[in-house]
2 protein chains.
Amino acid sequence: MAKKKSEFENPYEEKCSIVYAMSLIGAKWKIPVLWHLAHYEILHYNELKRHLKGVTNTVLTRCLRELEQDSIVLRKSDGSVPPSVTYELTDLGKELIPALNGLYKWGDDHKTNASKI
Amino acid sequence: MAKKKSEFENPYEEKCSIVYAMSLIGAKWKIPVLWHLAHYEILHYNELKRHLKGVTNTVLTRCLRELEQDSIVLRKSDGSVPPSVTYELTDLGKELIPALNGLYKWGDDHKTNASKI
DNA sequence: CGGAATCCCAATGGATACTG
DNA sequence: CAGTATCCATTGGGATTCCG
């Protein structure tokens, strides 16, 4: 689940569905990562990194690990040298696509000087 | 815009639409706030706070102020004593409703022990 | 190529108390 | 009721370096 134990420490203070959803995908780069995987279907690590201008290895890797642990993205690696690792959405992740597209479109409709992708 | 100046300090490193969207509504409580406003249409401050179990005054107020500055929520106050203040989505905020519902449904479909609202 | 290991830090979240 | 005012703590994001 990749989340703090304390979040459920009081069973009488459970979170609503939207808070739960955001606990899984609410980190700064997670939704951008998911949107790009939704858009390109499958990406190599460095491709993904290039699309997400500004993210560092540390952050991107942590982000992908958590999403993988939560079964939202799938990591595929052959053991070759040099390594080739791809990321794609799981079925669970694919269920987010409509919402991701909605967020993207909203941003796209209203941003002024951000780039298209 | 309620965001760090540094985010656009380099005009050649513009953000994609989804990153832009998240810069506006990506804070921990913003999407939960917006979803509840979408669901209930209009809420008093304390009603909203009750629905968002666990949020503190400081955080909720900061969150609402930013959303208000970004023209995503509308704050209505009569000047009465005791005060009565309501919050609702602006037209811009309402355009987020489909995406919010998508996120909510995803969380709802897959959470195990979070409460329904 | 696709990371891991460190270390660092500002920003955000949060606790508490108080108020017009 | 709807917030402010302080102050503290966390943590996630980031820079840098190194590696199989």
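The structure presented is a predicted model; accordingly, all values stated were derived computationally and were not measured. In what follows, every chain begins at residue 1, and chains take the letters A, B, ... in the order their sequences are listed.
When every heavy atom of A/Lys28 is checked against every heavy atom of A/Pro32, the shortest pair comes out as O-CD, 3.6 Å. Taking both residues in full, the closest heavy atoms of B/Ala21 and A/Gly107 are given as CB-CA, 4.0 Å, listed atom of the first, atom of the second, then distance. The shortest heavy-atom contact between B/Ser71 and B/Thr90 is O-OG1, 2.7 Å. Among all heavy-atom pairs drawn from A/Lys53 and A/Trp29, the shortest one is O-CH2, 3.7 Å.
The side chain of A/Trp29 lies closest to D/dG13 when the candidates are D/dT4, D/dG13, C/dG14. Checked against D/dC1, D/dT4, D/dG13, the side chain of B/Pro82 finds its nearest nucleotide in D/dC1.
Toward the 5' end of DNA chain D, the nearer of the two residues A/Ala27 and B/Val85, judged by each one's closest nucleotide, is B/Val85. Ranked by how close their nearest DNA chain C nucleotide is to the 5' end, B/Val55 and B/Pro83 are led by B/Val55. The nearest heavy atom of DNA chain D to A/Thr58 and to A/Val81 marks one nucleotide each, and the one closer to the 5' end goes with A/Thr58.
One can place CG of B/Asn57 at 11 Å from C1' of C/dA15, the figure rounded to the nearest angstrom. As rounded to whole Å, 10 Å separates atom P of D/dT4 from atom CG of B/Leu64. To the nearest angstrom, P of C/dT12 lies 13 Å from CG of B/Leu24. Taking atom CG on B/Leu60 and atom C1' on C/dT12, their separation rounds to 15 Å, with Å as the unit. For A/Lys53 and D/dG13, the NZ to P distance is 20 Å, given to the nearest whole Å. Between B/His51 atom NE2 and D/dA2 atom P the separation is 13 Å, expressed in whole Å. Across the protein-nucleic acid pair, A/Arg50 atom CZ and C/dC1 atom C1' stand 10 Å apart, rounded to whole Å. B/Lys76 has its NZ atom 20 Å from the C1' atom of D/dG3, to the nearest Å.
Between the two ends of the helix from C/dC1-D/dG20 to C/dG20-D/dC1, each summarised by a five-pair axis, the helix axis turns through 70° (rounded to 10 degrees).
Two rings, from A/Tyr20 and B/His110, have their centers 6.0 Å or more apart.
The side chain of A/Tyr45 contributes no N or O atom lying less than 4.0 Å from OP1 or OP2 of C/dA4. At C/dG2, none of the side-chain N or O atoms of A/Arg75 fall inside 4.0 Å of OP1 or OP2 (strictly under the cut-off). The phosphate of C/dG3 (OP1 or OP2) has no side-chain N or O of A/Lys49 nearer than 4.0 angstrom. For B/His44 and D/dC1, the shortest distance from a side-chain N or O to OP1 or OP2 is not below 4.0 Å. Distances shorter than 4.0 Å separate some side-chain N or O of A/Asn46 from OP1 or OP2 on C/dG2.
Between the base of D/dG12 and the side chain of A/Arg62 there is no donor-acceptor pair shorter than 3.5 Å.
Note on B/Val59: a base of the nucleic acid sits closer than 4.0 angstrom, heavy atoms only. Within 4.0 Å (heavy atoms only), A/Thr61 reaches sugar-phosphate atoms of the nucleic acid but no base atom. Counting non-hydrogen atoms under 4.0 angstrom, A/Ser84 reaches the backbone sugars and phosphates but no base.
A side-chain N or O of A/Tyr45 and one of A/Thr61 form a donor-acceptor pair less than 3.5 Å apart.
Tracing side-chain contacts under 4.5 Å through hydrophobic residues (I, L, V, M, F, W, Y), one never reaches A/Leu67 starting from A/Ile42; they form parts of separate clusters.
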Donor-acceptor list for residues 74-82 of chain A side chains, cut-off 3.5 Å, not counting sequence neighbours:
| from | atom 1 | to | atom 2 | distance (Å) |
| --- | --- | --- | --- | --- |
| A/Arg75 | NE | A/Tyr87 | OH | 3.3 |
| A/Lys76 | NZ | A/Glu88 | OE2 | 3.0 |
| A/Asp78 | OD1 | A/Ser80 | OG | 3.2 |
| A/Asp78 | OD2 | A/Ser80 | OG | 3.3 |
| A/Ser80 | OG | A/Pro82 | O | 3.1 |

